[in-house]
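The next block holds one structure in the form of structure tokens; read it before the comments.
All values below come from the heavy atoms of this structure, side chains included, with hydrogens, waters and symmetry mates left out. Protein chains get the first letters and strands the later ones, always in sequence-line order, with residue 1 at the start of each. None of these values were measured; they are calculated from a predicted model.
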Amino acid sequence: MTSKPSDFIRDIIDADLASGKHTEVKTRFPPEPNGYLHIGHAKSICLNFGLAKQYGGQCNLRFDDTNPAKEDQEYVDSICADVRWLGFDYGSEALFASDYFETFYSIALKLIREGKAYVCSLNEEEIREYRGSLKEAGTASPHRSRTVDENLDLFARMRVGEFKDGAHVLRAKIDMGASNMKMRDPLLYRIRHQSHHRTGDTWCLYPMYDFAHPLEDALEGITHSICTLEFENNRPLYDWVVANSALPGKPEQTEFARLGLDYSVMSKRKLFQLVEQERVSGWDDPRMLTVSGMRRRGYRPEAIVRFCDLIGVSKNNSTVDMGKLEYVVRDDLNPIAPRVMAVLRPIKLVINNYEAGKSEALTVPFFPPDIGKPGEREVHFGRELYIESTDFEEEPSKGFRRMAPGRWIRLRYGYCVRCDEVIKNDDGEVVEVRCSYDDSTLGGTSPEGEKVWGIIHWVNAADSLPAEIRIYDRLFSAAAPDAGGNFLDYLNSDSLETLEAWVEPCLAGGDVGPQVQFERQGYFVPDSVDSRPDALVFNRIVGLKDSWSKKAVAEPSTPAEKPKSARSATRPKSRSKAEIRGAARYRDATLASRFIRYQDVGLSEGDADVLTGSLTWGDRLEALNAAGMPWDLAAKWLLNEHPREGDDPIEFASDVSEFLVVTTASGTLITTTSGSKLWGQLAREPGSAKALIKSQGLEQVSDDASIQPIIDKVIADNASKASAYRGGKDTLMGFFIGQVMRASKGKANAEKVKELLLAALA
RNA sequence: UCGGGGUUCGUCUAAGGGCAGGACAUCAGUUUUUGGUACUGAUUAUAGAGGUUCGAAUCCUCUACCCCGAACCA
């Protein structure tokens, strides 16, 4: 685990640092204090703070507290505590957007003076109507043309509380026809006569996220503002605000995919519902994937951070396997959790030939040899013990390696015993097993001539402690509870099982743990709220990997069922590029006639189609042809190699005839690899093909005498790969050609190289 | 007048014209006084179709599917 994480965001930062765009990295984690942090936030925290740490920068914890209606100090406190618990340092104190309210206001004033913002007095519903729809442009608000003075006056009166909520809003004057609806004169300020958890009643005017957030970033000198995918549409607006704020900071927003985990819900709204409807005991219910819930469950921050490293960062909409979280939790706990014994579902085991009242003290280690850690405690062996009811089967199933009538098994760290008799209750359930022991088996020797079927854990009936054990399972029974319908319908009714168990006495003092492993069961931690020295309560953090019960139950693995999208069906279908080109030809006779003509001169319908979506393509094509390039060749190079600006090929920077050298000479003067490179250069900046070939040494090398030595060297340098190739791994040919091409700086004739390589590796 | 993102083993994620790699999961084996751990091995992927190229997951075209956007939420 020495490899540094790498992802597209780090690539962007590396490039920014390399280009000198930035000399330092400053990020921020900007929660709204309206709920508790969950594991999805942890991903963002690890990313933002991790970036700051990796690049020697800084990461601010900043509360985006622009909506007093939902926010509360309770959340501020819990968020601060959670971030610190996760192990991240946000400096001396957290920052608050509300501290910048006065600055925001003055920037709004500036926008008004510059005619870039106006007070709109439409009501909420009217604003929505005027905004238009996904397929139709919006229409201008009747107040869009208010004078600067009028706006200034109204805005000032909005601030002093002259108007009721909703009477007026401040809007940016951008573009009501923008296809990105976020740019259709977005709201900047709304009136809210509501006290704010920090500013009290100082304001009745509150900024919107889209206005406040970029300003917060700019004010703090954030270089890389990282947020989740759903804000992609907001980015142009973010840039607009930064550009028009005249603030020196120039933050840039980059979006990544939020975390999705199967068998869980992640939205704050839904978590809030679970808490409010008391489906769980609170935000810190150990079944909740909130940071506080995971903490109470017994997860350590190291495991959560490790999980975030493991899942990576990308723009893919993804759902991570819950098993991955469980894996990191186990992996984190395995080397640090002392082993003790606890019997969760007890039945009594009585050893008939063991002296009543006798007790033997056994000193046993806290860790198995492979962990290699010191530490030991005493357990007492006696005539009456408890064992796990699941460790006994009267009629053992196939593969069962535990206790059954007549079988010898070892009691961990103790003696081997043989089950002689079974005692059942009225319901026919086994409540007690009677055994005999072999007093020569304590150190590890087996009873003379007998097979020992397995090792099971136990506790001494005389001095073990009662404890309540809470076994947690995933909160939802469906892989994608929020796929459709009400997610509450998919709550797992068995997500909490409470057991009355017996545990080793050493657990009472609190000297071990807090996280411990109950051998053969899982990892457990005393519940931080309910456990007391005289009334122990343990939470199961996570079970041990169990390859037996899985086999025994043969549970059909339930794959995460693909949620059927209801949303996409309601979205209007937009035209494809092909349809748009067709429409363009329908409107423009030149395009239409070109489409026919290009096919007449031998181009495929598909190529002709693309080349006649706009005049630009055809213009370039005609120019190449006029300079002497055959139609098909011109189309091929134009379509495949010519640099573009959006959907259209860029203007030729060089004389068109220069391109002839690239194409017609292909195969003789230069290789296609060099040709592609050269084409791009000529297209972008003026130049002479012949001069460039000369200056860059692009002349093709195709004589055996020049190539053979390179091939020999490459084969000699990669002897093991050569033999692998000869052994049948022929995908390696690409590797060899690549090596030779690289060694020749792309100048070798690839066909020739292949031919010679084939011969050399035969 | 719709726009913006996305699609690589079952899952997550690398490779950005040249060996499709890693992790989790699964299966098999070795070690083990935990059916744990550790170790070894195995299985499995470039959404589909066409094109460019000696060579395409990667470049071009088309198609399909998924996600996001019409809060005075963030």
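At a threshold of 4.0 angstrom between heavy atoms, the contacts of A/L442 include nucleobase atoms, whether or not backbone atoms are also involved. Residue A/D607 is out of contact with every strand shown, counting any heavy-atom pair closer than 4.0 Å.
When each of A/M176 and A/G606 is assigned the nucleotide of RNA chain B with its nearest heavy atom, A/M176 is the one assigned upstream, toward the 5' end.
Atom pair A/F29:CZ and B/rA74:C1' shows a separation of 12 Å (rounding to whole Å applied). B/rU53 atom P lies 14 Å from atom NZ of A/K754, rounded to whole Å. Rounding to whole angstrom units, CG of residue A/L187 and P of B/rA70 are separated by 13 Å. A/D185 places its CG atom 21 Å from the P atom of B/rG69, with the value rounded to the nearest Å. Between the C1' atom of B/rA74 and the CD atom of A/E230 lies a distance of 9 Å, rounded to the nearest Å. Rounding to whole angstrom units, CZ of residue A/R258 and P of B/rC12 are separated by 16 Å. Residue A/I387 contributes atom CD1, which lies 16 Å from atom C1' of B/rU34 at whole-angstrom precision. Residue A/E126 contributes atom CD, which lies 13 Å from atom P of B/rC72 at whole-angstrom precision.
In terms of phosphate contacts, A/T672 brings no side-chain nitrogen or oxygen within less than 4.0 Å of OP1 or OP2 of B/rU53. For the pair A/R131 and B/rG69, the criterion of a side-chain N or O lying under 4.0 Å from OP1 or OP2 is not met. The side chain of A/R644 contributes an N or O atom lying less than 4.0 Å from OP1 or OP2 of B/rU61. Between A/S547 and B/rG36, a side-chain N or O to OP1/OP2 separation shorter than 4.0 Å is present. Distances shown here put every side-chain N or O of A/R62 at or beyond 4.0 Å from the OP1 or OP2 atom of B/rA74. Under 4.0 angstrom from either OP1 or OP2 of B/rA71 there lies at least one side-chain N or O belonging to A/R128. The shortest distance between the side-chain N/O atoms of A/R520 and the OP1/OP2 oxygens of B/rU37 is not below 4.0 Å. In this model, the phosphate group of B/rC73 is not approached by any side-chain N or O of A/T66 to a distance below 4.0 Å at OP1 or OP2. Between A/K636 and B/rU53, a side-chain N or O to OP1/OP2 separation shorter than 4.0 Å is present.
Among the nucleotides B/rG69, B/rC60, B/rC73, the one closest to the side chain of A/N640 is B/rC60. Nearest to the side chain of A/L134, among B/rC2, B/rA74, B/rU26, sits B/rC2.
Pairing of B/rA49, defined by two Watson-Crick or G-U wobble distances under 3.5 Å, is identified with B/rU61. Nucleotide B/rG69 forms a pair with B/rC2, judged by Watson-Crick or G-U wobble geometry with both contacts under 3.5 Å. The pairing partner recorded for B/rA28 is B/rU40, the criterion being a Watson-Crick or G-U wobble arrangement whose two distances lie under 3.5 angstrom.
In this view, A/R190 satisfies the side-chain hydrogen bond (donor to acceptor under 3.5 Å, both in side chains) rule with no residue, not counting sequence neighbours.
Below 30°, between 30° and 60°, or above 60°: for A/W679 and A/W637 the angle between ring planes is below 30°, a parallel geometry. By the 30° and 60° cut-offs, the orientation of the rings of A/Y209 relative to A/F231 is tilted.
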Produce the list of close N/O pairs, under 3.5 Å, pairing protein atoms with atoms of nucleotides 47-50 of chain B; give distances to one decimal.
none

Polar pairs (N or O, both sides) under 3.5 Å between protein and nucleotides 3-7 of chain B?
{"from": "B/rG3", "atom 1": "N2", "to": "A/N233", "atom 2": "OD1", "distance (Å)": "2.9"}
{"from": "B/rG3", "atom 1": "N2", "to": "A/N233", "atom 2": "ND2", "distance (Å)": "3.4"}
{"from": "B/rG5", "atom 1": "O2'", "to": "A/E232", "atom 2": "OE1", "distance (Å)": "3.3"}
{"from": "B/rG5", "atom 1": "O2'", "to": "A/E232", "atom 2": "OE2", "distance (Å)": "3.3"}
{"from": "B/rG6", "atom 1": "O3'", "to": "A/N316", "atom 2": "OD1", "distance (Å)": "2.7"}
{"from": "B/rU7", "atom 1": "OP1", "to": "A/N316", "atom 2": "OD1", "distance (Å)": "2.7"}

Using a cutoff of under 3.5 Å, can you pull out all pairs of nitrogen or oxygen atoms linking the protein to nucleotides 62-64 of chain B, with atom names and distances?
{"from": "B/rC62", "atom 1": "OP1", "to": "A/R581", "atom 2": "NH1", "distance (Å)": "2.8"}
{"from": "B/rC62", "atom 1": "OP1", "to": "A/R581", "atom 2": "NH2", "distance (Å)": "2.9"}
{"from": "B/rU63", "atom 1": "OP1", "to": "A/S576", "atom 2": "OG", "distance (Å)": "3.0"}

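Note that the OG atom of A/S318 and the CG atom of A/L259 stand 7.5 Å from one another [nearest 0.5 Å].
One P atom belongs to B/rG29, the other to B/rC65, and the distance between them is 45 Å to the nearest Å. Straight-line distance between the C1' atoms of B/rA28 and B/rG35: roughly 15 Å, to the nearest whole Å.
In textbook terms, a nucleotide whose glycosidic angle is within 90° of 0 is syn, while B/rA15, being further out, is anti.
For RNA chain B, the residues of residues 203-217 of chain A within the heavy-atom distance limit of 4.0 Å (strictly under) are A/M208, A/Y209, sorted by number.
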Which nucleotides of nucleotides 18-23 of chain B have their base under 4.0 Å from a protein heavy atom (B), which only their sugar-phosphate (S), and which neither (-), written as one string 5' to 3'?
BBS--B
